[in-house]
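One structure is given here, and the rest of the page talks about it.
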Amino acid sequence: MKPDLEDIDGALSELVIETVDTPVVILGADGSIVRFNSASERLTGYFADEAIGRKVWDFLIIEKERDTVKSIFEKTQGENTPTHFTNFWKTKDGQQRRIEWSNNTIRNKLGDVSYILATGIDVTDQVATEFALAETQAYLRSIIDACPVAVITINEQGLIQSFSTEAEHCFGYREAEAIGRNVNILIPEPGHSQHDRYIKHYLETGEKKIIGRARPIFAKRENGEKFPAMLHVSEFKDGTRIFVGFVEDLTHQRMTERRLEETQFQLQHAGRIGAMGEIATSIAHELNQPLTAAASLAGAVSLNLKKTDYPETKDAIELLEDVVGEIRRASEIIRQMRDFIRKRKTEKSLHRVNKVVEEATAVALIGAESAGIKLETDLVEGLGELQMDRIQIQQVLVNVIRNAVDAMQETTEKRLKISTSRIGGFVEIRVEDTGPGITDEMMKRLFEPFATSKESGMGIGLSISKTIIDAHQGKINAINKESGGCVFTINLPEGAYDEAAKRR
Amino acid sequence: MTRPQNAGRGAVFLVDDDVAVQRGVAALLTAAEYHVETSKSAEEFLSKLESLDRSNAVLLVDICMPGIQGLELQEKLVEDGIDLPVIVMTAHGDIPMAVRAMRNGAIDFLEKPFTVEEVTSALDRALSRPRSANAPARAAQPQLTAKFGTLTPREKEVLQGIVDGDTNKKIARSLDVSPRTVEAHRQKIMIKMDAKSFAELVRMAVTLDMTSR
């Protein structure tokens, strides 16, 4: 049954064909198998005598590739050069193997095809590995692209090798534009022209100046805009050296910080003005009382003198009128001082209650006293906007929250709970602490000026708070909880305000 | 229910928590020939209200006191149907509060400290007021409305600012003019409205229902 192999170097060929570890199949001109080497047997599970005489596409080729293989087979007969293609073989036990084929034709002296020699390489495992690798790469890529910071890799020459999606957003270059360009396009001066030197210095000396530590820098977008960023660089070496840069855009963060700082500043300012106003009002009241008494007494004396007939009284009455005049002058000075400091009218506009509360909480918790305090917030959704003077309301909230924080300095359990809700036409803001609560004596004078239980502090915070909440037609109250600690509630009307706003 | 013979110009029920003020004002009013009945709190006044002869009498009460405040006392009297003219005193010079008092029916307000003339003219006006409700205010209204009609739009704006308790400076800023211009407007308004005092001007504004609620 052996084919006629006279025209090739018989014995040697035979040896090679049977020794090689790759499938070698010789097909006749009609496609039926004439040789099926032992590697083919091992690969497919068919013995040579099971295979020989059958057409290869009748049993070895998976169904959907049969037509393709047939047409390749027909094409091969017309060509003189080797052809290459890949297909799947089906083994006897039903497995699929991916084989890369090199086909060549063996022609007789007349030039007609007598045989086709097909040598294959089983690439099933290799492809699987490659596929797995590609999958891993795609997976890594997806992680990198999902990364909220820009990820950029460069080579030893400083040329960009990869550019993540966030890098595209952040810097404004497309990945395709960025790859291959010097990374210094992302760096404003002075770093821009120094960067190549930095890399060279590192490669020569191994001295790490930035690798492995985070550093704030300025970076440059495609449109030339400079922005603050945090840069982390790590190094990866696998034959070639790659540097990976993680760039975090801090613009937004800075803005948030700046807004908080601004709010803090405004609150401090408003606090000082409020304090001065409260003091001025108190002084005006306290001083006006004795001045009223004095003016009235002088008036009484003057009236009584007028009832007498002594000539000397005329002068005395005039002098007493001067006394009253001076008293009024003193009172006028007090009034001017108070008017100058006090009447900062509330400036109301629409603000989201929860946002106002969140900001105030953030500001109030800045500082060492807040350490160890467990904050719990429960801000009900859908509260919407309320007409208010944001700074003044935040001043109240900061004041109440700070009081709560101060109250918990000595207690072991430090829980601060801040919540918002809607109760019968009012928005209620609650601030609860686990401090010692308020003494009965203190409770009576809680919102009066100069009432304080603290060693430092003037005791006008809550008095100002009440003034502010009154101006918002709201209510502020404090109660001691049975479980310990106290609750401050601030109620702001939901509707009443629109009317006031309209009038302005 | 008794009143001494020398009741003179009428009875004044003085309520003020400050003892010195009480003594001073009482001395002044006694010298001015009023009968004075003092209380150091709204509560004390209410407790003896029944025993007082309220004919030809006026309540002179401080707005700012511990416990029941002046405004609340006034509201309580209105609620209880006690017809007693009320004059509020304020040491704060808190115009919005005074405006609120007048809206609630107070006849007048006095800024502490006050002169003999200021307090006596306010008391006499209150005492001469026909008893029972707002009849006089209504009667005066057409005349008042006519006076108000002579104000320029700008003067009306300034008047609105004044009764809202704004300072000249604040009014100037909101109208974008100088404080001096506001002062000039203010004097013009006083003349046109024929108001002898700031309190009277505020009272007119209340009657005209210009004040915000």
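Please read all numbers here as calculations on a predicted model, not as lab measurements. Lettering of chains follows the sequences in order, A, B, ..., and the numbering in each one begins at 1. Scope of the values below: all heavy atoms of this structure, side chains included, with no hydrogens, waters or symmetry mates.
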Would you give the length of the straight line joining atom OG1 of B:Thr115 to atom CD1 of A:Ile327, rounded to the nearest 0.5 angstrom? 11.5 Å
Say you draw a straight line from CZ of A:Arg328 to CD of B:Glu111; how long is it, rounded to the nearest 0.5 Å? 9.0 Å
How about B:Lys188: does its NZ atom have over 12 heavy atoms from other parts shown lying under 6.0 Å from it? no
Shortest non-hydrogen contact between A:Gln289 and B:Asp16, atoms and distance: NE2-OD1, 3.5 Å
Using side-chain heavy atoms (C-beta onward) and a distance below 4.5 Å, is A:Asn288 in contact with B:Pro113? yes
First locate atom CG of A:Leu291, then atom CZ of B:Phe114, and finally report the distance between them rounded to the nearest 0.5 Å. 12.0 Å
In this structure, are over 12 heavy atoms from other groups packed under 6.0 Å from B:Lys48 atom NZ? yes
Turns out that what part of B:Val25 lies under 4.5 Å from chain A's heavy atoms comes down to both
Check whether B:Lys112 reaches the backbone of A:Ser331 with its side chain - one donor and one acceptor, N or O, closer than 3.5 Å. no
Just wondering, are more than 12 heavy atoms of other shown residues or ligands nearer than 6.0 Å to CD in A:Glu332? yes
More than 12 heavy atoms of other groups within 6.0 Å of B:Lys192 NZ: yes
So with a 6.0 Å cut-off around CZ of B:Arg125, is the heavy-atom count from everything else above 12? yes
Output, in order, the C-alpha distance, side-chain angles, deciding distance and verdict of side-chain contact (heavy atoms from CB on, under 4.5 Å) for A:Leu297 and B:Leu28. CA-CA 6 Å; A:Leu297 288 168; B:Leu28 173 71; over 6 Å; no
Does atom CG of A:Asp440 have more than 12 heavy-atom neighbours from other groups under 6.0 Å away? no
